[in-house]
Enquirer: 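The structure's right below; bear with me while I get my questions together.
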Number of protein chains: 2
Amino acid sequence: MERFELIVQTLFESNNLTEKQRQILKAAVQLFSEKGYAATSTSEIAKLAQVAEGTIFRHYRTKKELLLAIVGPFMEKIADSYIVNDLTNLLKKDYQRPEDLLSAIIENRRDIIVQFLPLLKIILQELPFHPELREHFLQLISDNMYHRVVEVINDYQQKGMLKKLPPTAIAKFAITNILGHLFTRYVLFPHLEWDDVRDTEQLIQLIMNGIGNSDSKVES
Amino acid sequence: MERFELIVQTLFESNNLTEKQRQILKAAVQLFSEKGYAATSTSEIAKLAQVAEGTIFRHYRTKKELLLAIVGPFMEKIADSYIVNDLTNLLKKDYQRPEDLLSAIIENRRDIIVQFLPLLKIILQELPFHPELREHFLQLISDNMYHRVVEVINDYQQKGMLKKLPPTAIAKFAITNILGHLFTRYVLFPHLEWDDVRDTEQLIQLIMNGIGNSDSKVES
DNA sequence: TATCGAAGTGAGTAATCACTCATTATATGT
DNA sequence: ACATATAATGAGTGATTACTCACTTCGATA
């Protein structure tokens with residue numbers, strides 16, 4: 001199954017969509033991610049979806065509603081189920097060393113980014129221009145993820161495995177490095193040659209040096 | 001002087017522009033950064049610049065040429081003079097401790113980002129859709145900055161102040177953290193309350209823990 | 001098989017798009 | 001003051017935009 005089809009299917013599996021509706025969503029995801037929302041016309045979408053232009057407006061009253069019909073469910077479903085649940089599962093496994101948890105998180109995040117890259121590009125592109133999207137996004141993070149992360153960090157700190165810095169600073173540092181790495185790897189320079197195994201190991205080591213307690217430091 | 005005027009003046013000080021031309025560039029920078037390039041019409045630009053729409057096309061044959069007339073000089077002048085020269089000056093000062101150099105770089109980068117935020121937003125927005133811009137950008141970095149950075153890292157490593165990791169890994173780690181921090185600080189969540197002094201100190205400490213040699217480690 | 005609501009169509013809408021061009025205003029050098 | 005060039009204009013261009021609507025097709029149920 002091709003890329004955009006997989007995205008639409010994963011994202012709208014619960015909804016029962018018409019064949020034409022799925023084609024519209026698929027075409028919209030592709031064109032929005034390739035050309036940007038504003039630079040994509042509804043006639044283009046209709047043409048690529050092999051659908052009359054009127055069919056688009058039967059299901060989505062405006063072009064923006066089509067965008068929200070794609071981005072909204074992604075942020076709710078994916079950001080909610082994938083990210084939160086998967087992260088929770090990761091945290092539940094009670095990795096003995098924080099670096100093991102880090103490693104699991106990175107691999108998990110890598111899969112999501114690779115699979116949903118086009119959707120992430122759309123969101124990154126449109127977030128600055130739609131304040132309601134930004135707030136929705138922020139709320140998802142602060143409501144669901146923030147407390148869990150702080151909890152886990154506290155836990156590791158009490159076990160003496162993390163420096164006694166403010167948990168928010170540790171979280172921000174780790175997230176910045178993980179997302180920064182994955183962003184440069186898959187968004188900025190995906191065509192460069194990468195040694196993923198080595199890079200990941202190096203990244204974890206650097207992060208752990210930053211936040212880990214010296215007593216249990218990893219030897220180079 | 002207002003924000004966009006300052007940007008245009010700084011960027012085109014050497015060129016002798018007509019008053020109308022400066023108004024056009026100023027309006028274009030504002031609208032492109034606020035609404036995005038594709039979502040901004042030439043009639044809007046003309047209206048905001050208080051200029052006939054034809055005047056725009058007297059100076060710039062197409063809308064895209066207007067975009068390149070803004071983004072190109074920024075990348076050449078600013079990225080070349082500001083970033084490269086300032087960084088070179090920073091490096092020349094031979095900061096004894098790498099954390100002092102880091103601190104200076106962060107403050108320097110902060111000023112640039114704050115001053116040219118609208119232009120940076122335009123570039124971040126349009127980079128994915130203009131391969132020639134991306135290559136130009138990449139070349140500027142790899143040609144001018146890469147070697148200098150590696151040199152400095154080597155220097156500090158030989159003085160025993162940095163871990164003997166590959167200089168590229170150290171550079172990537174430091175850059176990721178600095179840009180990641182400034183990005184979240186000024187682009188993602190500029191409206192949140194920040195304690196810049198404390199945050200910067202904390203960031204430097206975390207970075208130094210990651211790459212600094214344990215012998216000369218900063219005590220918490 | 002008849003019925004009926006939903007799905008799909010495509011020609012048509014006014015508005016707006018980037019861009020042109022003949023004309024007018026302004027600046028400069030002599 | 002005059003000539004010449006450049007800057008600026010704004011009405012006008014065809015193409016394209018998001019979107020509408022009267023109509024046809026489809027599919028399930030009775």
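A, B, ... follow the sequence lines: proteins, then strands. Residue 1 opens every chain. The figures here come from the full heavy-atom set of this structure, side chains too, leaving out hydrogens, waters and symmetry mates.
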Enquirer: Which part of the nucleic acid, if any, lies within contact of B/Gln21, taking any heavy atom under 4.0 Å across all strands shown: a base, the sugar-phosphate backbone alone, or nothing?
Expert: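 No contact.
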Enquirer: Check residues 27-38 of chain A and write down every donor-acceptor pair under 3.5 Å in which the side-chain atom is one partner and the other belongs to a residue at least two apart or another chain.
Expert:
| unit_1 | atom_1 | unit_2 | atom_2 | d |
| --- | --- | --- | --- | --- |
| A/Ser33 | OG | A/Val29 | O | 3.0 |
| A/Ser33 | OG | A/Gln30 | O | 2.9 |
| A/Lys35 | NZ | A/Glu44 | OE1 | 3.2 |
| A/Lys35 | NZ | A/Glu44 | OE2 | 2.5 |
| A/Tyr37 | OH | A/Lys64 | N | 3.1 |

Enquirer: Only counting residues at least two apart or in another chain, list the ones meeting side chain to side chain contact (heavy atoms under 4.5 Å, CB included) with B/Phe12.
Expert: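 If we apply the side chain to side chain contact (heavy atoms under 4.5 Å, CB included) test to B/Phe12, skipping adjacent residues, the hits are B/Val8, B/Asn15, B/Leu17, B/Leu25, B/Pro73.
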Enquirer: What range of DNA chain D does chain B touch, first nucleotide to last, counting atoms under 4.0 Å from its heavy atoms?
Expert: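 Answer, 5' to 3': D/dA7 to D/dG10.
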Enquirer: Verify salt bridge (Lys or Arg N to Asp or Glu O under 4.0 Å) between B/Lys47 and B/Glu53, making sure each step is shown before the conclusion.
Expert: CA-CA 8 Å; B/Lys47 198 174 165 188; B/Glu53 201 174 346; over 6 Å; no
Enquirer: If you count the non-hydrogen atoms of other residues, nucleotides and ligands that lie under 6.0 Å from CD in A/Glu2, is the total more than 12?
Expert: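 Correct, the count exceeds 12.
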Enquirer: Could you list by number each residue of residues 28-47 of chain A showing a heavy-atom separation from DNA chain C of less than 4.0 Å, or answer none if no residue does?
Expert: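 Under 4.0 Å from DNA chain C: no residue of residues 28-47 of chain A.
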Enquirer: Across the strands shown, which category fits B/Thr55 at heavy-atom distances under 4.0 angstrom: base, sugar-phosphate, nothing?
Expert: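 Counting heavy atoms under 4.0 Å across all strands, the contact made by B/Thr55 includes a base.
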Enquirer: Do A/Trp194 side-chain atoms and A/Phe189 backbone N/O form a donor-acceptor pair below 3.5 Å?
Expert: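 Confirmed, A/Trp194 side chain pairs with A/Phe189 backbone.
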Enquirer: Are the charged groups of A/Arg110 and A/Glu107 less than 4.0 angstrom apart, N to O?
Expert: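 Salt bridge present between A/Arg110 and A/Glu107.
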Enquirer: Regarding B/Arg198 and B/Glu201, does a basic nitrogen lie under 4.0 Å from an acidic carboxylate oxygen?
Expert: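 B/Glu201 and B/Arg198: not salt-bridged.
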Enquirer: Would you list the atom pairs, donor with acceptor, under 3.5 Å between side chains in residues 165-177 of chain B and any protein atom, with sequence neighbours excluded?
Expert:
| unit_1 | atom_1 | unit_2 | atom_2 | d |
| --- | --- | --- | --- | --- |
| B/Lys172 | NZ | A/His181 | ND1 | 2.7 |
| B/Thr176 | OG1 | B/Lys172 | O | 2.7 |
| B/Asn177 | OD1 | A/Asn177 | ND2 | 2.9 |
| B/Asn177 | ND2 | A/Asn177 | OD1 | 2.8 |
| B/Asn177 | ND2 | B/Phe173 | O | 2.9 |

Enquirer: Taking heavy atoms of chain A and a 4.0 Å limit, find me the 5'-most and 3'-most nucleotide of DNA chain C within that range.
Expert: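 Contacts span C/dA7 to C/dG10, reading 5' to 3'.
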Enquirer: Atom NZ of residue position B/Lys63 - does it have more than 12 heavy atoms of other residues, nucleotides or ligands inside 6.0 Å?
Expert: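 Enclosed.
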Enquirer: Is any NZ, NE, NH1 or NH2 atom of the basic residue among A/Arg185 and A/Asp199 found under 4.0 Å from an Asp or Glu carboxylate oxygen of the other?
Expert: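 Salt bridge: no.
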